[in-house]
Amino acid sequence: MNEKKLTPKSENYSEWYNQLVQRAEMADYAPVRGCMVVRPYGWSLWENIQAKLDSRFKATGHVNAAFPLFIPMSFLEKEKEHVEGFAPELAVVTIGGGSELEEPLIVRPTSETIIGHMYAKWIQSYRDLPVLINQWGNVVRWEMRTRLFLRTLEFYWQEGHTAHATSEEAEAETRQMLDIYADFARNEAAVPVIPGRKSESEKFAGAVRSYTIEAMMGDKKALQSGTSHNLGQNFAKAFDIQYLDETNTLQYCWTTSWGLSTRFIGAIIMTHGDDQGLVLPPRLAPIQVVIIPIFRKDEEQTRVMEAVKAVQAQLSGFRVKVDDRTEVTPGFKFNQWELRGVPLRLEIGPKDIANDSVALARRDIPGREGKSFVPRQGLAETVADMLEKIQANMLEKATTFRDENIHEPQDYAAFKEIISQDGWCYVWWKPNADNEAKIKEETKATLRCLPLNQTGGKGKCIFSGQETSEKAYFAKAY
RNA sequence: CGGGGUGUAGCGCAGACGGCCAGCGCGCCGCGUUUGGGACGCGGAGGUCGGCGGUUCAAGUCCGCCCACCCCGACCA
């Protein structure tokens, strides 16, 4: 931890990740096993993620609310698959105020049940539909193995829960939210994702259909980065969420749920990070431009700091940080802000003042190539333009990397070979849970998704050889 | 829960055969010189050696039990 350089990605990827998260002050280990403290820099990134998602939710008619952390144990038991799926990872509260509770409370692992309970109260008529509510909160799942951001006992997320009059409407909502996640991932986080449907064995406990956005990390492992579920009438029936339709007939609602968590921060780190540290997409970066003043003598300091103030004012439209510490050298600051992934570094020294210019260094292009000297005139436009270029370049680089590592083997032997080298396989697939399990056992690869934009046509299933019209992605995953 | 490993200053570590004052690097604090790619000098602060018990004149050091964490497997956003 005290060495100056990070462990290189190529040497030990998970060590690189662990060091980076901590050294960049994104998060730290909490005193409780598997729990994390999200530090201000990490939380700031999360707030920007929240803002981008929340505005998309609002624009599509959703409203926010807050439901309780505690859920009666019995609620979970009302939906068979749901309880089976979550029972092993529940935290249960049995004592309150010093005395044994009549009914144990679970700390929510997700809120379908308690929200379903409330929807049953609130919904009476088709006129009450649809109900489109989102909640920002935390949930607890007692996981075996944990990693900062990727899998912690407690994590932060948003969970949307909607109720509709028809199956078609619920499916449309499920797909709409998946589209929103995909759009957010690509256009705000520069994380290229593949939207698709989960297989039966990978779907959410209690869902009819689950959709996912899958991303490829820097070690080529897949990360499920957001999910959207069509719950059909499963929860409506379990919780009596019913409405009277136009013909005065009692009907069960059709519900959905969709979530994206702080795990996505892990996706950003592992999609873009390099051996110098984080590389944050400009649209989400807590700090977009860091200004580093450079001076020797007091006289220089005065002049430089004046120029810094002026430049800062020019850049008031951006998230700017001036690093005016005098106890560390500029070189130290360069490294530190690169570690923390700030997209653009702006240097101002005596030479720049003489030239009426500033030096700009792009985080996405290391070294001299990424550095340029630009005039002070029109600096705001230059910076805006450069941030856009960085954002675009990051998406392009990540997309290229991903596509280079997706292969289309023609037989199972080739499939195994690719998986053993951590590549992704895009193959014809005839849905079959047993075969899926066998592949997982033999190769450790799981069916990541059946992508939404299928190439069409027919082919022979990579495993069973049966004719099929669907293709699937297989990969090792987090 | 099975297999392997580690607990000594904030972090990373060193401390033969037990021996008296527990050390090194980084970081931290003070002063001075520095400052365009991780500065340097001098002076400081900081420790229940994971816990409990045992052996011994004497225990980071040997023995036992416990605890915590890490890595590898079975579960997962």
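So that the names make sense, note that chain A is the first sequence line, chain B the second, and so on, each numbered from 1.
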Using O4'-C1'-N9-C4 for purines and O4'-C1'-N1-C2 for pyrimidines, with syn meaning within 90° of 0, is B:C21 syn or anti? syn
Base of B:A74 relative to its sugar, syn (within 90° of 0) or anti? anti
Would you please determine if the base of B:A77 is stacked by A:Phe155, with stacking meaning a centroid separation under 5.5 angstrom and planes under 30 degrees?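 Per 5.5 Å and 30° rule: yes, stacked.
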Any A:Thr227 side-chain nitrogen or oxygen under 4.0 Å from OP1 or OP2 of B:A77: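 For B:A77, neither OP1 nor OP2 has a side-chain N or O of A:Thr227 closer than 4.0 Å.
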Short side-chain N/O contact to B:U35 OP1/OP2 from A:Arg296, under 4.0 Å: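 True: A:Arg296 side-chain N/O within range (under 4.0 Å) of B:U35 OP1/OP2.
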Which is true for A:Lys333 with a 4.0 Å heavy-atom rule: it touches a base, it touches only sugar-phosphate, or it touches nothing? nothing
Would a 4.5 Å heavy-atom cut-off, applied to side chains only, mark A:Val37 and A:Tyr29 as touching? no
Which whole-number value in Å describes the distance from A:Lys440 NZ to B:G73 P? 12 Å
Determine whether A:Asp179 and A:Arg175 satisfy the following criterion, salt bridge (Lys or Arg N to Asp or Glu O under 4.0 Å), listing intermediate values before the conclusion. CA-CA 6 Å; A:Asp179 287 347; A:Arg175 294 285 295 268; 5.4 Å; no
P atom, B:G15 versus B:C24: distance in rounded Å?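 Looking at atom P only, B:G15 and B:C24 are 15 Å apart.
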Counting only distance, no hydrogens or angles, is the base of B:G73 paired donor-acceptor with the side chain of A:Arg145 under 3.5 Å? no
Among A:Lys444, A:Lys221, A:Lys220, A:Lys476, find the residue that satisfies the salt bridge (Lys or Arg N to Asp or Glu O under 4.0 Å) test when tested with A:Asp422.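 Exactly one option meets the salt bridge (Lys or Arg N to Asp or Glu O under 4.0 Å) with A:Asp422, and it is A:Lys476.
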